[in-house]
Protein chains: 2
Amino acid sequence: MPRSGAEARRRLQQATLELFQQKGFDATTAAEIAERAGVTERTFFRHFADKREALFDGEAAFREALARAVVSAPPDMSPMDALLHAFRSAEPLLEKNRPFTEPRQKIIDATPALQERVLTKTAGLIAALGDALRQRGVEEDTSTFAAQIGMATLSYATHAWLADPTLTLAASLVKAQAALRRFSS
Amino acid sequence: MPRSGAEARRRLQQATLELFQQKGFDATTAAEIAERAGVTERTFFRHFADKREALFDGEAAFREALARAVVSAPPDMSPMDALLHAFRSAEPLLEKNRPFTEPRQKIIDATPALQERVLTKTAGLIAALGDALRQRGVEEDTSTFAAQIGMATLSYATHAWLADPTLTLAASLVKAQAALRRFSS
DNA sequence: AGCCATGGTGACAGTAGCTGACAATATGCT
DNA sequence: AGCATATTGTCAGCTACTGTCACCATGGCT
């Protein structure tokens with residue numbers, strides 16, 4: 001029954017999260033996930049390219065939101081300032097997804113295969129940020145480098161932000177920027 | 001015939017490189033590689049955890065060499081200077097491996113699965129550099145951040161260095177450091 | 001109402017990556 | 001020679017993932 005398509009996808013995501021939590025990534029088969037979602041294994045692989053992707057479905061939207069924020073940042077901003085501007089604008093989105101990303105992180109921390117996938121997602125994000133910087137007129141060579149530095153800064157800031165709920169992301173970013181200045185001096 | 005163990009491993013590496021070049025990563029099976037190396041498929045997986053690892057065999061040695069160089073850098077050096085010191089010391093090793101890494105890079109550029117593996121190798125390198133910095137007394141939080149920034153700097157520098165054979169890696173690193181200062185200002 | 005194009009799905013078969021268990025054989029030491 | 005150890009071969013098996021085709025629900029068109 002091809003109900004809506006999107007419904008089955010949501011059920012598959014939910015089933016994936018639950019089973020990975022209960023039995024771990026390696027011990028849960030794609031067939032199990034499909035069965036719990038009420039579809040066939042074949043349908044699972046129609047919605048997600050592989051078993052890992054089911055855990056990273058919202059990532060594309062986040063990436064595109066960040067890229068748009070970089071492009072639409074005030075034109076007189078330096079590359080790094082444009083990135084930081086975009087990161088600050090993402091704080092509400094990150095805050096909203098917090099309850100969902102927290103259990104997911106625990107699963108990821110427990111399985112190397114998922115950590116590997118996180119790295120490619122991060123690389124994709126860096127590439128998108130580099131693209132966005134290029135649309136702002138930043139040169140080809142330096143845009144990727146700046147995007148990498150920016151992403152490292154964001155990771156550093158979000159780490160501290162997640163660990164200490166009293167912090168705001170913006171404040172955490174300021175600290176990270178200060179640490180970066182210290183290194184490069 | 002359990003000849004030497006290391007011999008079979010070398011043959012497997014060689015066969016892997018050749019077949020990936022000829023037919024591409026996806027089109028070559030582990031059984032084919034094993035057959036060309038004169039062993040069984042089972043033996044292939046005893047030497048390498050998966051099909052990708054056969055392409056990244058020397059990486060552990062490179063990582064450890066870099067980490068040692070960071071630890072043994074003059075104690076009064078700043079974290080970033082210690083990293084740059086280690087990177088400069090690796091130039092001969094990189095130069096020596098150049099004819100081997102060049103065809104490998106072409107294969108990697110053509111196959112996403114291998115690019116994903118490169119990212120985990122890079123992450124491992126960053127972790128090792130962070131560890132080495134901690135052994136120099138750098139604080140837990142900042143060491144990983146510094147290692148990330150350092151790795152981004154090295155990538156940027158090696159890119160330019162590989163593209164222009166008249167450059168030395170040390171000179172390329174100086175330019176990268178200047179770019180970094182520009183971003184973080 | 002009937003019809004058709006579209007798209008999601010089930011069913012089935014098949015390939016290949018990867019693993020566990022056990023036997024067989026070569027190597028080094030005594 | 002004899003023994004311990006390391007490496008490999010053999011076999012059986014699971015599961016991730018893919019190609020193909022038929023099926024059926026939905027929405028628009030006449």
Side-chain angles (χ1 to χ4, degrees), chain A residues 1-57 107-108 110-118 120-121, chain B residues 1-57 107-108 110-118 120-121:
Chain A
M1 319 95 178
R3 298 265 261 279
S4 77
E7 250 183 69
R9 191 186 183 92
R10 248 179 286 132
R11 285 202 306 271
L12 281 168
Q13 275 186 85
Q14 184 66 24
T16 301
L17 188 65
E18 292 170 0
L19 285 177
F20 283 3
Q21 269 180 312
Q22 289 176 23
K23 318 177 43 179
F25 174 84
D26 294 315
T28 84
T29 71
E32 283 173 327
I33 300 174
E35 188 187 358
R36 171 179 282 232
V39 294
T40 315
E41 183 187 1
R42 190 67 184 88
T43 295
F44 175 87
F45 286 110
R46 270 193 269 257
H47 281 280
F48 304 104
D50 58 52
K51 216 172 107 185
R52 298 165 197 123
E53 281 301 303
L55 256 195
F56 298 94
D57 204 36
I107 301 172
I108 293 173
T111 83
L114 292 175
Q115 295 166 24
E116 191 165 32
R117 182 54 51 87
V118 168
T120 77
K121 295 298 181 186
Chain B
M1 320 100 182
R3 295 265 259 278
S4 78
E7 250 182 69
R9 190 187 183 92
R10 248 178 285 133
R11 285 201 308 271
L12 281 167
Q13 273 186 85
Q14 184 66 25
T16 301
L17 187 66
E18 292 170 0
L19 285 176
F20 284 2
Q21 268 180 312
Q22 290 176 21
K23 319 176 44 180
F25 174 82
D26 294 315
T28 85
T29 70
E32 283 174 327
I33 300 175
E35 188 187 359
R36 171 178 284 232
V39 294
T40 316
E41 183 187 1
R42 191 63 183 87
T43 296
F44 175 88
F45 286 109
R46 272 194 267 257
H47 281 281
F48 305 103
D50 58 54
K51 216 173 106 186
R52 296 163 203 139
E53 281 302 302
L55 256 195
F56 299 93
D57 204 34
I107 302 173
I108 293 173
T111 82
L114 292 175
Q115 295 166 24
E116 192 165 32
R117 184 52 52 86
V118 167
T120 76
K121 293 298 180 186

Which nucleotide, [options], lies nearest any side-chain atom of [X]?
X: A/Ala8; options: D/dG9, C/dG17, C/dT9; answer: C/dT9
X: B/Val39; options: C/dG10, D/dG9, D/dA16; answer: D/dG9
X: B/Phe45; options: C/dA16, D/dA16, C/dC18; answer: C/dC18

Rounded to the nearest angstrom, tell me the gap between atom [atom1] in [X] and atom [atom2] in [N].
X: A/Asp26; N: D/dC14; atom1: CG; atom2: C1'; result: 13 Å
X: A/Glu35; N: C/dA11; atom1: CD; atom2: P; result: 12 Å
X: A/Ile33; N: D/dT15; atom1: CD1; atom2: C1'; result: 12 Å
X: A/Glu41; N: D/dT18; atom1: CD; atom2: P; result: 11 Å
X: A/Glu7; N: D/dA25; atom1: CD; atom2: P; result: 15 Å
X: A/Phe44; N: C/dG8; atom1: CZ; atom2: P; result: 17 Å
X: B/Leu19; N: C/dA16; atom1: CG; atom2: P; result: 14 Å
X: A/Lys51; N: D/dT18; atom1: NZ; atom2: P; result: 14 Å

- Message: If the cut-off is 4.0 Å, is A/His47 near the phosphate of C/dG8, judged by side-chain N/O to OP1 or OP2?
- Response: no
- Message: Any side-chain N or O of B/Thr43 below 4.0 angstrom from OP1/OP2 of D/dG9?
- Response: yes
- Task: Run the salt-bridge test on B/Lys23 and B/Glu32 with the 4.0 Å N-O cut-off and return the result as yes or no.
- Result: yes
- State, with a plain yes or no, whether a side-chain heavy atom of B/Leu55 is found less than 4.5 Å away from one of B/Phe48. no
- What distance do B/Arg52 atom CZ and B/Gln115 atom CD have between them, rounded to the nearest 0.5 Å? 12.0 Å
- Message: Using a 4.0 Å heavy-atom cut-off, does B/Ala31 contact any base of the nucleic acid, only the sugar-phosphate backbone, or nothing at all?
- Response: nothing
- Item | Taking every non-hydrogen atom, the tightest pair across B/Ala15 and B/Ile33 | CB-O, 3.8 Å
- Note on the structure: By nearest-nucleotide position on DNA chain D, the 5'-leaning member of A/Arg42 and A/Thr28 is A/Thr28
- Message: On DNA chain C, compare the nucleotides closest to B/Arg46 and B/Asp50; which residue's is nearer the 5' end?
- Response: B/Asp50
- Query: Any side-chain donor paired with an acceptor under 3.5 Å for A/Gln14 and A/Glu18?
  - Reply: yes
